[in-house]
Amino acid sequence: MRADTVDRGMEQRLASAVWLVRKYIAQHCSPGGPLPSARSLADHLSVPYRTLKAALVHLDGIGEIVWGMHQRGVVLAPGEVHPEDV
């Protein structure tokens, strides 16, 4: 299997996981509210744990949530500044 095929597959899985997390947040969370643990969210969304963690890291990086290892995630409000950007 070619490396670019593997990379595209990983990108597609990550994009799908990001979409599922955003959908979950829209339906179950409010700005400033907590996210479930990564493990329970992965189980709930039927996404592999490592893929789900990568999606959370991505969403943290673009400022939609605050998430880090060993802490509970928090949903940011639209336009709210990420604490690491202050």
Side-chain angles (χ1 to χ4, degrees):
M1 183 175 287
R2 292 179 21 205
D4 61 338
T5 302
V6 173
D7 290 346
R8 272 199 305 273
M10 291 185 326
E11 288 175 10
Q12 289 172 341
R13 287 191 298 278
L14 177 59
S16 176
V18 167
W19 183 83
L20 287 170
V21 172
R22 283 180 170 151
K23 182 178 175 185
Y24 179 90
I25 289 171
Q27 294 175 348
H28 301 284
C29 302
S30 58
L35 286 170
S37 70
R39 179 75 61 199
S40 65
L41 195 53
D43 291 343
H44 180 78
L45 299 175
S46 299
V47 172
Y49 178 67
R50 293 179 79 190
T51 304
L52 193 283
K53 282 185 7 181
L56 293 173
V57 168
H58 173 77
L59 291 170
D60 178 78
I62 61 174
E64 292 187 24
I65 64 171
V66 176
W67 187 82
M69 298 299 281
H70 311 296
Q71 70 181 31
R72 196 66 143 201
V74 177
V75 178
L76 294 174
E80 185 176 356
V81 177
H82 193 285
E84 291 181 10
D85 293 339
V86 175

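Heavy atoms only: backbone and side chains are in, while hydrogens, waters and symmetry mates are out.
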Original post:
Can you list every pair that meets salt bridge (charged side-chain N to carboxylate O under 4.0 Å, His left out) and has a residue in residues 49-68, with sequence neighbours left out?
Top reply: R22-E64
**OP:** With rounding to the nearest 0.5 Å, note down the distance linking CG in L52 to CG in L41.
**Re:** 4.5 Å
Subject >> Hphob cluster co-occupancy, V57 + L59, side-chain heavy atoms under 4.5 angstrom >> reply: yes
Subject >> Counterpart residues, side chain to side chain contact (heavy atoms under 4.5 Å, CB included), relative to V75 (two or more places apart) >> reply: I25, C29, L35
Original post:
Nearest heavy-atom pair of T51 and A17: which atoms, and what distance?
Top reply: CG2-CB, 3.8 Å
Original post:
Which residues satisfy the ring-ring contact (aromatic ring centres under 6.0 Å, His included) test with Y24, sequence neighbours excluded?
Top reply: H28, H44
Original post:
Does R39 have any side chain to side chain donor-acceptor pair (under 3.5 Å) partners at least two apart in sequence or in another chain, and if so, which?
Top reply: none
Subject >> Transitive ILVMFWY side-chain link L14 to W19, under 4.5 Å >> reply: yes
Original post:
Who are the side chain to side chain contact (heavy atoms under 4.5 Å, CB included) partners of A26, not counting sequence neighbours?
Top reply: none
Original post:
Is there a path from V81 to V66 through hydrophobic residues (I, L, V, M, F, W, Y) whose side chains come within less than 4.5 Å of each other?
Top reply: no
Original post:
Can I62 be reached from L76 by stepping across I, L, V, M, F, W or Y side chains whose heavy atoms are under 4.5 Å apart?
Top reply: no
Subject >> Any residue meeting side chain to side chain donor-acceptor pair (under 3.5 Å) with S16, in chain and number order, not counting sequence neighbours >> reply: none
